[in-house]
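Structure incoming, see below.
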Amino acid sequence: MSPNGKMPTLEAGGTAPEEAAELEPTPTPETSEPVEASEAPTTAAPAGFDWEAELDKLPPEKRWEFLVQMENQAKALLKLSEEERRAAVAARREEREKLEAKLDLLDLSPEERKARLEEVKTQVEGIEEEIVQIRRETGSYFVTIRAEAERRRRAAEAEELKELMTENSDELIDLFIGALKEKNPARCAAILRKLTADTNENELLNHLGYSSDISGMHKFTAEVLIGRELIKKPDGEFELGGKISKIPGTDWKPLGLEPQTAFAIENDISYVAEEKNHWGVARLVEQRFGQFYQVSEEEQAGAITAETSKLNLQTICRQFNRLAFGGEIPTGVLRPLPRKFKISRSGLGMLLRYGGLMTKFMEKGEFGTNLAAELYKQLDVLRAAGVAPSFCDALQKYVEEKGVETMAGEAVRKAMAAPL
């Protein structure tokens with residue numbers, strides 16, 4: 001009742017207060033207008049709630065607010081279409097069921113609540129096991145049907161490789177761009193394999209503006225080979241984003257490969273790079289439930305640290321160069337490309353594990369000068385990460401006292417300035 005003794009009225013054909021309280025809509029993007037709200041008590045309540053009895057307990061002014069709110073709810077429902085009204089009713093019922101479930105848990109003792117939660121956890125684990133089993137079965141099916149497709153792809157790539165009669169990386173890069181414009185995936189893959197086998201995949205990546213490390217190769221695969229953005233999630237995992245019409249920084253269209261085919265090519269290239277000790281772009285792809293996926297930096301670092309532990313340490317010190325421990329980021333566009341070396345997580349992992357043992361090779365001068373010069377530039381990073389102090393000290397002495405030039409360009413300039 002209102003303060004003047006009159007009951008608030010509903011519009012003709014309106015919804016009764018009971019129905020309005022029961023079917024309070026949850027506003028959605030399709031709802032024409034949001035439900036008007038006031039500071040009146042909510043009508044949300046467990047099943048069996050006697051709203052009329054509770055209404056009688058309210059003072060007159062609060063009772064008026066409550067009834068006005070119910071009238072507004074009824075008016076809002078009348079403005080909805082039949083489909084929208086059903087959706088609002090379903091949403092309201094779902095909210096009530098959640099509330100009832102919460103209230104049910106509150107009535108339980110701590111021991112009963114714990115037992116209930118354990119029961120739910122067991123059910124969830126059972127469902128997860130079933131999902132894993134289904135994925136394994138379908139994964140085997142995917143591998144079987146893809147095997148023939150991969151055989152044909154690699155055969156076409158091998159035919160294209162026979163036509164590549166040059167070792168010049170600049171020429172091969174131009175050929176790659178030509179094949180990209182012609183939308184010739186077999187030729188693109190063949191040139192990429194050739195460059196990698198010649199230890200020049202970094203030249204192509206840098207030329208197109210990508211770093212020659214895991215992030216750069218993943219991005220190259222996503223943007224150039226597939227035509228999608230690459231997203232790095234907070235947990236370090238990589239996933240494909242939206243489509244792109246042009247490769248960033250160019251007017252060229254992406255190759256437009258299906259993601260699994262592109263990841264298969266990236267997988268092949270990563271193993272060719274590994275054979276050449278370019279570990280910065282090795283172990284980039286794994287397979288899960290029959291599907292290829294791009295690994296995270298942590299996964300790559302774990303795989304590389306495990307694999308390099310099988311190698312002779314003297315071989316690592318003598319034969320590994322900078323691209324075994326990291327990649328280069330292009331800092332310009334004119335050739336020769338200016339670029340900056342950055343140690344990778346996997347490279348840092350190797351030094352953290354073997355740095356102390358490498359010290360003796362450094363002290364005897366049995367360490368690649370190219371690698372020493374680049375690691376020296378990141379000496380502060382190595383010390384801060386916890387690489388063995390003996391290795392860091394030996395590296396500093398090796399570079400500074402033995403006159404190792406830290407820049408190839410600087411050594412060339414001195415050579416050109418020398419009187420011959």
Side-chain angles (χ1 to χ4, degrees), residues 167-170 172-173 176 191-221 266-285 294-295 297 300-301 303-305 307-309 311-332 335-355 358 361-362 367-379 381-382 387 395 399 404-409 411:
E167 309 295 324
N168 186 294
S169 62
D170 291 334
L172 287 168
I173 289 171
F176 179 89
I191 296 170
L192 183 55
R193 178 183 283 271
K194 171 66 175 172
L195 283 165
T196 308
D198 294 343
T199 66
N200 285 323
E201 80 290 336
N202 60 305
E203 300 293 343
L204 175 62
L205 291 171
N206 293 165
H207 181 81
L208 295 176
Y210 299 99
S211 55
S212 52
D213 57 12
I214 179 173
S215 294
M217 193 64 185
H218 279 351
K219 202 170 183 181
F220 168 87
T221 301
E266 185 180 11
N267 180 59
D268 288 352
I269 295 305
S270 73
Y271 277 98
V272 176
E274 180 177 326
E275 291 177 2
K276 301 299 180 178
N277 289 327
H278 277 203
W279 292 91
V281 289
R283 302 285 169 153
L284 298 178
V285 176
Q294 294 177 314
V295 303
E297 287 181 294
Q300 186 206 31
I304 290 175
T305 303
E307 286 302 312
T308 52
S309 67
L311 302 177
N312 183 287
L313 194 58
Q314 187 177 48
T315 300
I316 294 176
C317 293
R318 286 182 171 180
Q319 298 182 11
F320 278 22
N321 68 6
R322 69 196 186 285
L323 296 180
F325 287 84
E328 292 175 317
I329 302 171
T331 57
R335 299 189 68 82
L337 281 173
R339 40 198 165 188
K340 180 181 179 181
F341 174 79
K342 180 183 178 182
I343 193 166
S344 64
R345 300 287 180 184
S346 57
L348 188 57
M350 283 192 282
L351 292 177
L352 285 167
R353 187 171 186 184
Y354 313 123
M358 289 178 172
F361 297 102
M362 181 76 71
F367 201 87
T369 55
N370 169 282
L371 174 58
E374 296 299 342
L375 292 180
Y376 175 77
K377 297 174 191 175
Q378 302 207 345
L379 191 56
V381 175
L382 304 188
V387 174
L395 174 63
V399 173
V404 175
E405 292 291 353
T406 58
M407 291 292 289

Separation of Leu204 CG from Thr196 OG1 (nearest 0.5 Å): 8.0 Å
Residues in salt bridge (Lys or Arg N to Asp or Glu O under 4.0 Å) contact with Arg318, at least two apart in sequence or another chain: Glu366
Sub-4.5 Å side-chain heavy-atom contact between Ile269 and Arg193: yes
Rounded distance (nearest 0.5 Å) linking atom CG of Leu371 with atom CZ of Phe320: 9.5 Å
Expected output: side-chain Gln300 to main-chain Gly280 donor-acceptor under 3.5 Å: yes
Donor-acceptor side-chain pairing of Asp213 and Ser215 below 3.5 angstrom: no
Which residues share a salt bridge (Lys or Arg N to Asp or Glu O under 4.0 Å) with Glu266, sequence neighbours left out: none
Beyond-backbone contact of Leu382 with Ile343, side-chain heavy atoms, under 4.5 angstrom: yes
Ring geometry between Tyr210 and Phe220 (parallel below 30°, tilted from 30 to 60°, perpendicular above 60°): perpendicular
Those residues that, when tested against Arg345, pass salt bridge (Lys or Arg N to Asp or Glu O under 4.0 Å) (two or more places apart): none
With Glu307 via salt bridge (Lys or Arg N to Asp or Glu O under 4.0 Å) - residues at least two apart: Arg283, Lys310
Nearest-0.5 Å distance that lies between atom CD1 in Ile214 and atom CH2 in Trp279: 13.5 Å
Backbone of Val281 reached by a side-chain donor or acceptor of Ser270 within 3.5 Å: no
All side chain to side chain contact (heavy atoms under 4.5 Å, CB included) counterparts of Asp198, not counting sequence neighbours: Glu167, Leu172, Lys194, Asn200
Partner residues of His218 under the ring pair (Phe, Tyr, Trp, His ring centres under 6.0 Å) criterion, sequence neighbours left out: Phe238
